[in-house]
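The block underneath contains the structure these notes are about, expressed in structure tokens.
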Amino acid sequence: MFDKRRIAPLLLRARDFFIRIGTSLYLTKNGKTNTTAVFFYALIALLLLSNLFIFTLPSPVVPRTSIGMMNVFTLLIALVSLPRLKFKKSFFQSIYGDPIDLLVILFFLANAVSLVAAKRIEDIIPFRLLCSGVIVFFLIRVWTPDEKLKRIFIHALGIASICIASLSILQAVFPTAINRIAEDYFGGRLSYGLSLEYQRGRLLHWGSVILIFPFYYASLVLLKPFDTFKKFVYLGLGSSVLALSMIMSNFRWTFVVFVVITMLMIKLFYYYHYVSKRWLFWLGILASILLVFGLLSAKLLFGYNLLERFLLANQQRDVAESLGRTMLFDQGINVFFSSPITGAGSGNYYSLVDAFQHFTYFSIFDQFEITLVPIASHNELLTILAETGVAGFLSWLMIMYVTLKRMRLTITQWREQPLINVLTATSLAMSFGAYALYTLFENIFPQNIIYLLVIVGMSHMWFGPKKTNI
């Protein structure tokens with residue numbers, strides 16, 4: 001039999017331990033559960049998953065896939081938010097108070113109609129992910145984060161960008177082991193074959209680093225001054241990993257977008273007086289060293305590097321392959337004209353385009369890949385136009401325009417805002433700007449729609465001229 005006198009002290013210690021954990025993580029406040037913190041931790045987890053490639057865990061416990069996990073966190077967010085709604089008329093009336101709400105609803109309906117009108121549904125996953133994104137978009141308005149939660153939000157996404165970039169570096173250092181993990185747990189079209197791209201001489205990021213890396217720069221500003229060893233390690237190691245993963249990737253457009261957004265953030269931070277000329281000088285020295293080291297490493301690893309690609313050293317690889325995208329654009333246009341009003345159906349694009357052979361002649365591995373695979377249009381707006389028709393295309397185009405305009409207005413009013421608001425707004429703006437620039441010649445992944453709708457909601461609900469008090 002158990003001795004209650006011995007068990008009671010252990011239970012008290014366990015309770016105190018969990019209370020300390022909850023307090024340190026901001027999950028408890030004044031002895032009560034901090035539901036705002038629960039919401040934002042669930043939101044951060046959802047955003048991190050939506051920026052990773054789709055993966056499957058070797059576990060018998062469901063959910064085993066990252067898509068299932070995103071569904072769970074969406075449900076948790078909805079459950080936590082439900083008591084806040086209380087079915088007040090003010091919430092439902094506020095949905096129609098901002099044009100962005102109507103545009104999101106229109107975009108959602110365009111996707112739904114495209115599936116109803118389609119002859120068959122090839123892949124329902126993109127629409128499921130869109131549903132999650134729309135739900136979270138409308139629930140964001142009932143929560144107002146404080147400064148501490150905003151700091152956690154910035155640091156979490158900043159650290160995530162470094163972790164994802166680190167996987168690319170590990171793939172270069174330990175290719176056999178990391179490629180095996182990619183094939184076993186990150187296979188399928190949604191991840192586009194991480195090991196295949198390695199064979200072609202390119203390091204594909206294991207997630208959408210190009211969308212979230214601006215938060216790393218914002219987190220550096222929050223950590224200033226760098227008066228401890230840990231801060232210097234975060235600055236030096238993080239910057240090195242992020243830059244090297246971009247340089248060694250051998251993806252020209254990804255590198256260009258990275259450089260453009262980085263330069264814009266540096267210019268804004270200098271304008272905000274967050275960085276000095278002295279810091280810019282040392283950052284320039286570090287960037288030069290990393291550029292040389294990254295180019296040499298890529299040359300050694302793959303037999304070519306970004307410099308050769310920009311100089312068009314290989315006619316077939318650097319010219320013909322890029323010009324071949326015009327054929328991909330033609331395919332997208334043809335899919336659109338097959339059903340211009342309702343579109344071909346959300347998620348149906350890959351089933352309606354011709355498959356192409358993949359050639360791995362890019363690198364020193366020099367293998368011939370005879371597998372025929374359908375290839376994306378390499379223009380996100382064109383894919384949206386083809387899948388959802390005119391209504392979906394115009395609604396998403398207007399969402400981008402209205403959001404970028406709102407973000408620009410927020411940034412121009414930086415003098416009236418506290419530091420954390422300026423950093424959050426700037427990171428959101430640069431992240432969305434990276435998306436707009438990157439998708440001119442590339443496609444994002446279906447799960448990214450959750451992240452995009454969340455940052456659209458944040459930019460309008462947290463920093464707009466009108467806020468809903470519920």
>> Quick one, Y216 with Y234, criterion ring-ring contact (aromatic ring centres under 6.0 Å, His included). Give me CA distance, side-chain angles, the key distance, then yes/no.
In response: CA-CA 10 Å; Y216 170 70; Y234 182 65; 5.2 Å; yes

>> Pair L453, L130 - check side-chain contact (heavy atoms from CB on, under 4.5 Å), show working.
In response: CA-CA 9 Å; L453 286 175; L130 174 63; 3.9 Å; yes

> Should E308 and K299 be marked as a side-chain contact (heavy atoms from CB on, under 4.5 Å) after you check the CA-CA gap, both sets of side-chain angles, and the distance that decides it?
Replying inline: CA-CA 9 Å; E308 295 179 37; K299 180 70 174 180; 2.7 Å; yes

>> Go through it in stages, so that I can follow the logic: the residues are I384 and F107, the test is side-chain contact (heavy atoms from CB on, under 4.5 Å), and I'd like the CA-CA distance, side-chain angles, deciding distance and then a yes or no.
In response: CA-CA 10 Å; I384 293 173; F107 181 68; 4.0 Å; yes

> Would L381 and L385 count as a side-chain contact (heavy atoms from CB on, under 4.5 Å) if you check the C-alpha gap in whole Å, the side-chain angles of each, and the deciding distance to 0.1 Å?
Replying inline: CA-CA 6 Å; L381 285 175; L385 178 65; over 6 Å; no

> Between R128 and D123, is a salt bridge (Lys or Arg N to Asp or Glu O under 4.0 Å) present by the stated rule, with each step listed?
Replying inline: CA-CA 10 Å; R128 286 172 51 193; D123 189 358; over 6 Å; no

> When you look at N443 and T383, which way does the side-chain hydrogen bond (donor to acceptor under 3.5 Å, both in side chains) test go after all the steps?
Replying inline: CA-CA 8 Å; N443 284 89; T383 303; 2.9 Å; yes

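With rounding to the nearest 0.5 angstrom, the OG atom of S168 is 4.0 Å from the NE2 atom of H205. Note that CD1 of I178 is 11.5 Å distant from CG of L203, once rounded to the nearest 0.5 Å. Annotation: the span from L211 atom CG to L157 atom CG amounts to 11.0 Å, rounded to 0.5 Å. The distance from atom CZ of F310 to atom CG of N305, rounded to the nearest 0.5 Å, is 10.5 Å. Within the model, atoms CE of M327 and OG of S377 stand 13.5 Å from one another, a figure rounded to the nearest 0.5 Å. Here CG of L409 is found 7.5 Å from CZ of R406. Values are rounded to the nearest 0.5 Å.
Looking at residues two or more places apart in sequence or on another chain, you find a side-chain contact (heavy atoms from CB on, under 4.5 Å) between A160 and L48, I212. Qualifying side-chain contact (heavy atoms from CB on, under 4.5 Å) partners for T176, counting only residues two or more places apart in sequence or in other chains: none. Partners of E442 by salt bridge (Lys or Arg N to Asp or Glu O under 4.0 Å), not counting sequence neighbours, listed by chain and number: R325. For L296, the side-chain contact (heavy atoms from CB on, under 4.5 Å) partners are V292, not counting sequence neighbours. For the side-chain contact (heavy atoms from CB on, under 4.5 Å) test, residues two or more places apart in sequence or in another chain that qualify with N179 are Q171, P175, S195, Y198. Residues that satisfy the ring-ring contact (aromatic ring centres under 6.0 Å, His included) test with Y451, not counting sequence neighbours, are absent from this structure.
Counting all heavy atoms, side chain and backbone alike, K150 lies closest to P145 at CE-CG, 3.7 Å. Taking each heavy atom of L220 and S239 in turn, the nearest pair found is CD1-OG, 4.3 Å. The heavy-atom pair separating G207 from I164 by the smallest distance is N-CG2, 3.4 Å. Summarising the geometry of P374 relative to V353, their closest heavy-atom pair is CB-CG2, 3.9 Å, with the distance given to 0.1 Å.
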For residues 263-285, please give each side-chain donor-acceptor pair under 3.5 Å, one per line with the distance, not counting sequence neighbours.
{"unit_1": "Y272", "atom_1": "OH", "unit_2": "T426", "atom_2": "OG1", "d": "3.2"}
{"unit_1": "S276", "atom_1": "OG", "unit_2": "W279", "atom_2": "N", "d": "3.4"}

Please list every donor-acceptor pair under 3.5 Å in which a side-chain atom of residues 67-80 meets a protein atom from a residue at least two apart or in another chain.
{"unit_1": "N71", "atom_1": "ND2", "unit_2": "I67", "atom_2": "O", "d": "3.4"}
{"unit_1": "T74", "atom_1": "OG1", "unit_2": "M70", "atom_2": "O", "d": "2.8"}

Only distances under 3.5 Å count here; give the side-chain donor-acceptor pairs of residues 396-405 to other protein atoms, sequence neighbours excluded, each with its distance to 0.1 Å.
{"unit_1": "W396", "atom_1": "NE1", "unit_2": "Y435", "atom_2": "OH", "d": "2.8"}
{"unit_1": "T403", "atom_1": "OG1", "unit_2": "I399", "atom_2": "O", "d": "2.7"}
{"unit_1": "T403", "atom_1": "OG1", "unit_2": "H460", "atom_2": "NE2", "d": "3.4"}

Side-chain donor-acceptor pairs under 3.5 Å in residues 247-254, sequence neighbours left out?
{"unit_1": "S249", "atom_1": "OG", "unit_2": "M246", "atom_2": "O", "d": "2.7"}
{"unit_1": "S249", "atom_1": "OG", "unit_2": "F251", "atom_2": "N", "d": "3.2"}
{"unit_1": "N250", "atom_1": "OD1", "unit_2": "L306", "atom_2": "N", "d": "3.2"}
{"unit_1": "N250", "atom_1": "ND2", "unit_2": "G201", "atom_2": "O", "d": "2.9"}
{"unit_1": "R252", "atom_1": "NH1", "unit_2": "R309", "atom_2": "O", "d": "3.1"}
{"unit_1": "R252", "atom_1": "NH1", "unit_2": "D318", "atom_2": "O", "d": "3.2"}
{"unit_1": "R252", "atom_1": "NH2", "unit_2": "D318", "atom_2": "O", "d": "3.3"}
{"unit_1": "R252", "atom_1": "NH2", "unit_2": "S322", "atom_2": "OG", "d": "2.4"}
{"unit_1": "W253", "atom_1": "NE1", "unit_2": "L437", "atom_2": "O", "d": "3.2"}
{"unit_1": "W253", "atom_1": "NE1", "unit_2": "Y438", "atom_2": "O", "d": "3.1"}

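For the pair S240 (side chain) and G236 (backbone), a donor-acceptor distance under 3.5 Å is present. Between the side chain of S66 and the main chain of F55, a donor-acceptor pair closer than 3.5 Å is present. At least one donor-acceptor pair under 3.5 Å links the side chain of S50 to the backbone N or O of L47. At least one donor-acceptor pair under 3.5 Å links the side chain of S459 to the backbone N or O of V456. R64 places a side-chain N or O within donor-acceptor distance of the main-chain N or O of L57, the cut-off being under 3.5 Å.
Pairs of residues two or more places apart, or lying in two chains, that qualify as ring pair (Phe, Tyr, Trp, His ring centres under 6.0 Å) and include a residue from residues 140-166 are F39-W143, F153-F215. Screening residues 162-180 for salt bridge (charged side-chain N to carboxylate O under 4.0 Å, His left out), with sequence neighbours left out, gives R180-D184.
Counting heavy atoms from C-beta outward, I152 and Y41 have side chains that approach closer than 4.5 Å. Contact annotation: the side chain of F137 approaches that of I100 to within less than 4.5 Å [non-hydrogen atoms, C-beta and beyond]. Using a 4.5 Å heavy-atom cutoff, the side chains of T36 and R84 are in contact. In this structure, the side chains of Q413 and N421 stay at 4.5 Å or more apart for every pair of heavy atoms. The side-chain heavy atoms of F186 and T56, taken from C-beta on, include no pair separated by under 4.5 Å. Residues I162 and L242 form a side-chain contact, since some pair of their non-hydrogen atoms from C-beta on lies under 4.5 Å apart. Side-chain contact check for I261 versus P214: some heavy-atom pair is nearer than 4.5 Å. By the 4.5 Å heavy-atom criterion applied to side chains, Y217 and T262 are counted as neighbours.
At a threshold of 4.0 Å, the pair R151-D146 does not count as salt-bridged, since none of the basic side-chain nitrogens sits closer than that to a carboxylate oxygen.
Between S208 and N448, the side chains place a donor N or O and an acceptor N or O closer than 3.5 Å (distance only, hydrogens not considered).
Using bins of under 30°, 30° to 60° and over 60° for the plane-to-plane angle, the ring pair F329/F441 lands in the tilted bin.
None of V422, I420, L423, I154 except one satisfies the side chain to side chain contact (heavy atoms under 4.5 Å, CB included) rule with V221; the exception is L423.
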